[in-house]
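To start, the structure under review is shown below, and the notes come after it.
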Amino acid sequence: MIAILTSGVALGVHVPGLLLASRLRERGVPAAVEVLERLLPAERLAAVTASREVFHRDFRVARAGQRIASDPLSAIDAGAREELFRRWEASGVRTVVVFSGFWLNLVRLFTERTGLKPRVILCHVDSVASPSFRNAGLPLPGTEEVWLASRSDTALPWTIPVTAEPPLDWGRREPRLLVHGGGWGMGTYRDRAAELASAGHDIDLVVHAAEEADPRGGRARHFALSPTWHPWLDNGYPPLGRLLPGRSMSDITYTRGSAHHSSFDLARTAHAMVSKPGGGTLLDSLWSATPLVLLEPSGEHESHNAQLWCDLGFGVRYEDWRADGFSLHPLEKMHHALLGAAEGPRDLAAALSGSEVSLCSE
């Protein structure tokens, strides 16, 4: 059994964790996704939900929150922790893949408590260490690290396949831009969407409340994640639905994929994604061959992600694209640079389903 350890406060690491679990199960490898917040007491979970709303409303607070993120180990419910350890022992967990550094102290405690020493693999979705890994302390001896993106090497060493479908040809794509603010809807994306619509682009905008949609409809289609979906309550991909003009969030019919997240299907048919540069968004860009128009990052790690995507020729900063008159020509050039790029990195699911002793042997 492989345990995939994610956090629900960052869909940019949670969704890649879900994807890895899907790809492993397709290969016949048992995998379970564990969400850190499931171990927190109700009052702490309520605080997490409240923070989500604050970060959505105020990007400055969100960026400050990234800088002071702390390990929630002391808040974890002891009963939930012991149940987790019993479950890992009973199900024979031999490998843990860590997507959030805040799991590391729990893995260390599991080893000390049980005497078992699972194989530990740190999977970095961002191109430099994200806040949870920077604040997690030293990893256990023998820990392996894989990077889905590497700023220091200007490379994509590893990947997690999102789909087996090839990217859609440029000429078959809808003339639309997918604009979003990540899982928590953070940043300047709504202002940018309005500017792009005014410039003549058709927009698919992911909103978090009905009042965020443009009541005039016009050139924008609006989509939303189900507001009742929380990663710590649900094992599947986030449900996505379309908000029709003049309707409320309760009128939305939500659907979700069983093999990947539904928002990827919007990315796959778009000319570009306009978003802050989270690690999950980079993965979507790679597997859809859809360029990124890069909005303001939420932290230092996303700043490095943005520079990496520019250096690889896969993305452009919003200000630079605006200076270029929002032309589609550079986006098409980036799309062609992305074609085939997903074939270069090593497939993490394939490696974990094989017999390699260490993923760091090369």
> Can you name the side-chain contact (heavy atoms from CB on, under 4.5 Å) partners of Ser263, sequence neighbours left out?
Replying inline: Leu240, His261
> Which residue pairs pass the ring pair (Phe, Tyr, Trp, His ring centres under 6.0 Å) test when at least one of the two sits in residues 144-169, sequence neighbours left out?
Replying inline: His124-Trp147
Who pairs with [X] by ring-ring contact (aromatic ring centres under 6.0 Å, His included), at least two apart in sequence or on another chain?
{"X": "Tyr318", "value": "Phe326"}
{"X": "Trp309", "value": "Phe314"}
{"X": "His304", "value": "none"}

>> Applying salt bridge (Lys or Arg N to Asp or Glu O under 4.0 Å), can you list everything that pairs with Arg176, at least two apart in sequence or on another chain?
In response: Asp204
>> Within this structure, what is the CG-OG1 distance for the pair Leu286 and Thr159, rounded to the nearest 0.5 Å?
In response: 5.0 Å
Return all side-chain donor-acceptor pairs below 3.5 angstrom for residues 164-175, not counting sequence neighbours, or 'none' if the list is empty.
{"unit_1": "Arg173", "atom_1": "NE", "unit_2": "Leu168", "atom_2": "O", "d": "2.9"}
{"unit_1": "Arg173", "atom_1": "NH1", "unit_2": "Arg268", "atom_2": "O", "d": "3.4"}
{"unit_1": "Arg173", "atom_1": "NH1", "unit_2": "Ala270", "atom_2": "O", "d": "2.8"}
{"unit_1": "Arg173", "atom_1": "NH1", "unit_2": "Thr290", "atom_2": "OG1", "d": "2.7"}
{"unit_1": "Arg173", "atom_1": "NH2", "unit_2": "Leu168", "atom_2": "O", "d": "3.1"}
{"unit_1": "Arg173", "atom_1": "NH2", "unit_2": "Ser288", "atom_2": "O", "d": "2.6"}

> Which pairs with one or both residues in residues 3-28 pass salt bridge (charged side-chain N to carboxylate O under 4.0 Å, His left out), sequence neighbours excluded?
Replying inline: Arg23-Glu26, Arg27-Asp347
> Applying salt bridge (charged side-chain N to carboxylate O under 4.0 Å, His left out), which residue pairs with at least one partner in residues 323-334 are found, sequence neighbours left out?
Replying inline: none
Side-chain donor/acceptor pairs under 3.5 Å, residues 79-90, sequence neighbours excluded:
{"unit_1": "Glu82", "atom_1": "OE1", "unit_2": "Arg113", "atom_2": "NH1", "d": "3.0"}
{"unit_1": "Glu82", "atom_1": "OE2", "unit_2": "Arg113", "atom_2": "NH1", "d": "2.6"}
{"unit_1": "Glu83", "atom_1": "OE1", "unit_2": "Arg86", "atom_2": "NH2", "d": "3.3"}
{"unit_1": "Arg87", "atom_1": "NH1", "unit_2": "Glu34", "atom_2": "OE1", "d": "3.3"}
{"unit_1": "Arg87", "atom_1": "NH1", "unit_2": "Glu34", "atom_2": "OE2", "d": "2.6"}
{"unit_1": "Trp88", "atom_1": "NE1", "unit_2": "Glu34", "atom_2": "OE2", "d": "3.3"}

>> Going by the rule side chain to side chain donor-acceptor pair (under 3.5 Å), which residues pair with Thr6 if we only count those two or more places apart in sequence or in a different chain?
In response: His14
>> Taking side chain to side chain donor-acceptor pair (under 3.5 Å) as the definition, give me every residue that meets it alongside His230, ordered by chain and number, with sequence neighbours left out.
In response: none
